[in-house]
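See below for the structure under consideration.
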Amino acid sequence: MSYNVNEKGFYGKFGGAYIPEMLFPNVEELRQNYLQIMQEPEFQEELQGLLRDYVGRPTPLYFAKRLSEKYNTKIYLKREDLNHTGAHKINNTVGQVLLAKRLGKTRIIAETGAGQHGVATATVCALMGLECIVYMGAIDIERQAPNVARMKMLGAKVVAATSGSKTLKDATNEAIRDWISNPLDTYYIIGSVVGPHPYPDMVARFQAIISEEIKWQLQEKEGRQNPDYVVACVGGGSNAAGAFYHYLDVPEVKLVAVEAAGLGIDSGESAATSVLGKIGVIHGSRTLLMQTEDGQVTEPYSISAGLDYPGVGPLHAHLYDSKRAIFESVTDDEALQAVLELTRLEGIIPALESAHALAAIHRIGAKPDDIVVLNLSGRGDKDLTTYLNRFDLNGK
Ligand SMILES: *Cc1c(COP(=O)(O)O)cnc(C)c1O
């Protein structure tokens with residue numbers, strides 16, 4: 001069984017590039033060039049330099065002593081929350097912006113839902129002096145005002161998508177329309193391991209730095225490169241892809257992917273794509289997606305905006321289908337409880353997304369001597385309003 005993408009862009013029966021003909025030249029240009037550019041020594045030197053001095057890598061692999069005591073197993077947190085801009089997303093945007101420059105592009109477009117990918121893109125565009133346009137659903141613009149302000153501070157133009165449900169899916173349609181109209185000077189940065197080939201593979205490779213570091217960090221701390229479990233939350237799947245990447249072909253490392261159950265798997269208000277989804281095409285890729293009987297995409301729901309996506313990347317659909325990864329789902333309430341628990345046990349306020357991974361720890365059956373690496377994808381600053389509304393903090 002292979003877990004890497006094949007030449008046609010497929011992971012098992014998932015993936016590919018189902019795109020309108022007018023998009024073909026752009027995607028083909030990228031497909032023909034990405035691997036070669038990523039392998040160039042000068043490219044790697046510039047990328048590694050920025051990851052070190054600008055993003056702040058390597059991120060620590062932290063042994064969470066009190067959390068470990070509570071769950072009676074050895075838990076390490078991979079601290080992606082300590083990256084510049086507060087999450088793993090910048091690993092990918094730094095990489096893609098450098099690639100866009102190598103392709104001679106001067107104008108960067110992106111779409112964003114919660115605004116995290118938009119902020120990471122606007123940040124790197126400011127750093128490189130590139131024009132940046134971020135498409136965002138009109139409703140999300142209202143819901144995510146602090147991130148909209150950040151993007152504007154950074155010099156990005158935030159364009160409202162006013163069609164359909166006025167959320168991420170509509171913003172994606174606007175971005176694709178823009179790319180078709182501006183094929184020569186424009187580069188489209190996708191923020192997760194989704195979209196047509198080669199995006200899922202390219203984004204996974206940029207995020208693979210996470211498991212590359214885990215290997216040598218665990219070797220230093222425990223005298224072995226392989227943990228027993230790697231646990232990560234899954235929206236589109238990029239932080240999990242990065243944390244799993246160098247362990248995909250190591251069967252003794254169990255991979256745990258945690259999706260958002262929202263109000264509950266069977267509540268109709270959920271984002272647990274792999275369990276609830278059926279095979280279909282979304283954003284240029286054949287994958288599992290939540291849909292009605294007649295194939296309409298279902299609106300997903302999760303308290304966490306970063307996990308609120310109706311599809312999942314084709315690599316993860318394949319990991320689910322082949323049973324290489326264990327899939328868990330966690331409700332809003334379980335995630336919130338995990339937020340408070342990590343905050344009080346370790347003094348780390350996690351992002352709501354990452355808290356979904358934390359809430360699954362007690363379910364995986366880890367033994368006292370097992371080593372569990374949990375990818376802490378982001379910090380909770382962006383979620384403070386939610387936390388203040390949901391927790392009774394008076395006197396506690
Ligand atoms: C965006 C985001 C996610 C979900 O995206 P993936 O592509 O599944 O990683 C998870 N955690 C944080 C902190 C995010 O910002």
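In listed order, ligands and their atoms are each counted from 1. When a residue number appears, it is its place in the shown sequence, counting from 1.
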For ligand 1, which atoms, with element, lie under 4.0 Å from some heavy atom of [X]?
{"X": "Q116", "answer": "15 (O)"}
{"X": "G378", "answer": "13 (C)"}
{"X": "C233", "answer": "10 (C)"}
{"X": "G235", "answer": "8 (O)"}
{"X": "S377", "answer": "10 (C), 11 (N), 12 (C), 13 (C)"}

*Indicate yes or no: does D333 engage R390 in a salt bridge with an N to O separation below 4.0 Å.*
yes
Given [options], identify the one with the heavy atom nearest to [atom].
{"atom": "atom 7 (O) of ligand 1", "options": "G236, A120, A87, S192", "value": "S192"}
{"atom": "atom 5 (O) of ligand 1", "options": "E80, H356, K89", "value": "K89"}
{"atom": "atom 9 (O) of ligand 1", "options": "N239, N375, L352", "value": "N239"}

*Which is it for H88 and ligand 1 at heavy atoms under 4.0 Å: side chain, backbone, both or neither?*
side chain
*Measure from the side-chain N and O atoms of R379 to the backbone N and O of D381, and report whether any donor-acceptor pair falls under 3.5 Å.*
no
_Check: W179 side chain, T186 main-chain N or O, donor-acceptor pair, under 3.5 Å_ = yes
*Heavy atom of Q207 under 4.0 Å from ligand 1?*
no
*asked:* Checking a contact table here: which protein heavy atom is nearest atom 6 (P) of ligand 1, and how many Å away?
replied: S238 N, 3.3 Å
*Could you pull out the closest heavy-atom pair between T343 and P350, with the gap in Å?*
OG1-CD, 3.8 Å
